[in-house]
Amino acid sequence: MREQPNVKIATDAIKAWQLTAHIYALIFLLITIGAIVVYIIFDFLPLWIVFIIAGLTVAEWIITALIIPKLRWRRWRYQVYDQEIYIQHGILIVTRTIVPMIRVQHVDTQQGPVLKKYKLATLEISTAATTHQIPALLEEEAYDLRDQISELARVEQDDV
Amino acid sequence: MSNPKRLHPAAVIFNIIQSLKQSIIGLLPIAIVIIRNSNTFYLIIGLLVIIGLIILFSFLSWLRFTYQLEEDQLRIERGILIRKKRTISKHRIQSIDLSQNVIHRIFGLTKVAIETAGNDSSTDAALSAVRMEDGRMLHDELKYKKHVPETGELETEVSDNEQQEQDEAHLPKRTITIQALLITGSTSASFGILIGLFGVAFSQVETLIPDQFYDDATRWLLSLGMQIIIILAIIVLIFLWLLSILYTVIKDWNFTITRYEKELFITRGLLEKKQTTIPLKRIQAVGMKESPIHQLFGFARPYVEIASGEINSSQEVNTIIFPLLRKKEFAAFLSEFLPEYSYRTENLIHPPKKALPYYLWRSINLPLLAVIITGIFFVSYIWIPAIIMLVLGIMGFAVFKSIGYAIDEQQITIQTRTISKDTAIIPHRRIQALQQKQHLLHRKQSLATLDMAILNKGAGRHFVIKELRTADSYSIADWYSYREKV
């Protein structure tokens with residue numbers, strides 16, 4: 001666990017996360033617009049609250065859409081060995097995880113509309129007690145990895 | 001025994017009790033509303049109808065419940081309208097436990113709980129009341145006369161009952177002494193729970209007591225003066241304490257643990273006799289807990305973590321395998337009953353000194369906030385949160401002092417503390433995944449938090465060691481890693 005894993009996830013992950021962030025920012029934008037409307041038409045809110053809401057919206061958008069995806073992508077790494085899967089992620093709190101192959105119970109791939117747009121998929125690895133995700137892999141790669149892991153995991157499952 | 005058999009008619013009583021238990025929570029608010037409106041007539045009619053329905057359904061479900069023992073499987077059919085049939089194959093059965101509560105014992109009956117290999121409790125089965133000899137017969141039939149040997153294992157199953165009984169004398173076995181039981185009861189946490197329950201019950205009853213009476217009683221109590229109130233309170237506390245001792249004695253009476261070749265077997269109970277079978281295969285970790293009081297007197301409670309969804313699973317996620325031991329006996333206890341695990345804590349590795357501030361911060365951050373707030377607004381009361389902060393700080397320090405780990409070839413020993421000290425021994429192959437976490441400050445100070453997950457009766461248990469030296473954290477990871485070591 002001294003060295004970090006050496007495989008990065010797809011570069012398009014940044015775009016996919018940015019798109020997701022834009023969509024979430026839209027919700028905040030709507031709230032801001034609502035606040036402005038309330039301020040102008042009903043003259044109900046104090047002006048400074050409107051400014052705070054607008055400021056928060058912009059800040060949220062900048063942080064989640066412009067800053068986080070890149071940092072997140074830079075940290076995300078994984079490596080699949082014959083005996084185990086090694087994952088690293090986290091921007092402020094760096095988490096490194098070891099999942100032994102013989103503890104893997106099943107592997108899933110998931111794909112939402114955003115990931116589908118960029119031809120990406122998320123790999124989900126479950127043991128009896130925990131689940132682990134590798135987000136935003138290239139579709140092909142995710143499916144190959146899923147098959148590869150389930151093949152490797154098949155070797156001698158002792159009880160539990 | 002090829003004909004389908006019904007349960008003993010007393011099962012109707014259990015059905016009734018169970019449906020009453022289930023419906024009482026739903027009915028209580030309605031009942032209270034009706035009582036408030038004091039329409040006694042409707043209340044009685046409604047109650048009669050509901051009780052009538054419950055009795056009818058309990059009777060019908062007894063009528064439609066049959067079990068049948070075939071070649072090497074147990075077949076259960078049940079359901080009033082929707083018929084459900086379940087076949088449980090003999091060699092999938094992990095354990096069969098017979099337990100008797102008071103009603104069972106009046107009629108000479110027993111409950112049979114059958115647990116299968118799945119983690120899903122819905123695959124298990126229970127016969128709520130059969131005659132004792134039938135229960136014994138089912139137990140022996142399903143358990144010992146296995147036609148299919150265990151997969152992979154070469155040892156042949158002991159197939160004869162008599163032989164089983166002959167061997168009984170040589171098996172490791174231990175029964176709790178009455179003295180130890182009394183100590184368990186008098187130091188158990190159920191005392192605190194009882195106080196809590198008493199408080200809750202009182203606050204519920206309070207609303208039902210007429211205001212007039214309540215006021216009179218309060219006035220009378222206040223007129224007695226402080227000393228008498230304190231004495232009364234002490235009497236109530238002592239009464240609750242005795243009650244909790246009584247509860248433990250009844251629950252754990254004659255607690256006996258026996259080690260068979262492939263399982264641990266526990267019997268206990270004065271009024272309700274309970275059996276628990278723990279197949280060794282399902283044990284994920286072994287440990288012992290020391291509450292502060294127990295620690296003071298050098299006692300400990302050994303427990304195991306099991307992977308299963310038990311039918312009658314209690315609130316506790318781990319299973320106590322003996323009510324009370326001297327701590328120094330624990331190693332011997334393990335080598336007698338679970339020689340697969342060994343207890344060694346001489347060379348525990350602890351987090352470094354520089355981790356202490358994190359532990360203290362975690363335990364006092366909330367009270368610190370309280371101190372600051374009271375400091376600003378009610379300076380004269382600042383001592384209340386300050387004392388709380390001091391106590392929590394000491395606890396944080398105790399947590400720091402307790403935490404540690406030791407690695408052996410095939411097992412890791414992890415010592416942690418929340419309030420009770422908890423020492424767990426986990427085999428390498430039972431750890432499902434290992435995680436190391438580091439935030440910014442950790443990385444600067446080369447500290448790391450380690451998290452090991454195992455399976456248990458609940459959603460899994462995470463053993464977390466916070467702020468280890470990274471070197472130690474890496475050495476645990478190396479020990480855990482399945483990668484071929486270069």
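Throughout, a chain's letter reflects where its sequence line sits, starting with A, and its residues are numbered from 1.
- Atoms CG and CG, from Leu440(B) and Leu92(A) in turn, are 6.0 Å apart once rounded to the nearest 0.5 Å.
- Top candidate by heavy-atom pairs under 4.5 Å with chain A, chosen from Lys437(B), His462(B), His442(B), is Lys437(B).
- For Ile91(A), the part lying near chain B is the backbone, with the side chain staying farther off; criterion is any non-hydrogen pair under 4.5 Å.
- Expressed to the nearest 0.5 Å, how far CD1 of Ile98(A) lies from CD of Gln435(B) amounts to 10.5 Å.
- If you measure heavy-atom distances from Ile476(B) to chain A, you find no contacts under 4.5 Å at all.
- Ala433(B) and Pro100(A) get closest at one heavy-atom pair: CA-CD, 4.5 Å.
- Residue Arg461(B) does not touch chain A at all, counting heavy-atom pairs closer than 4.5 Å.
- Separation of atoms CG (Leu455(B)) and OG1 (Thr127(A)) is listed at 8.0 Å; rounding is to 0.5 Å.
- Residue-environment remark: CZ (Arg74(A)) stays at or below the threshold of 12 foreign heavy atoms within 6.0 Å.
- No donor-acceptor contact under 3.5 angstrom links the side chains of Gln436(B) and Thr95(A), judged on distance only.
- Across His132(A), Gln88(A), Glu84(A), the residue that shares the most heavy-atom pairs under 4.5 angstrom with chain B is Glu84(A).
- In terms of heavy atoms, Tyr86(A) sits closest to Arg483(B) at CD2-NH2, 3.8 Å.
- Counted within 6.0 Å of NZ on Lys354(B), heavy atoms from surrounding residues, nucleotides or ligands total more than 12; the atom is thus considered enclosed.
- Applying the ring-ring contact (aromatic ring centres under 6.0 Å, His included) rule to His89(A) yields the partners Trp76(A); only residues at least two apart in sequence or on another chain are considered.
- Of all residues in residues 3-31 of chain A, none places a non-hydrogen atom less than 4.5 angstrom from a non-hydrogen atom of chain B.
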- [ ] Check the pair Gln438(B) / Arg96(A) against side chain to side chain contact (heavy atoms under 4.5 Å, CB included), numbers first and verdict last.
- [x] CA-CA 9 Å; Gln438(B) 279 185 301; Arg96(A) 290 180 180 174; 5.6 Å; no

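- Gly460(B) and Ala129(A) make their closest contact through CA-CB, 4.5 Å (heavy atoms, listed as atom of the first residue, atom of the second, distance).
- The minimum heavy-atom distance between Gln432(B) and Val99(A), with the atom names listed, is O-CG1, 4.4 Å.
- At a cut-off of 3.5 Å, with distance as the only test, no side-chain donor of Arg2(A) or Tyr474(B) sits close to an acceptor on the other residue.
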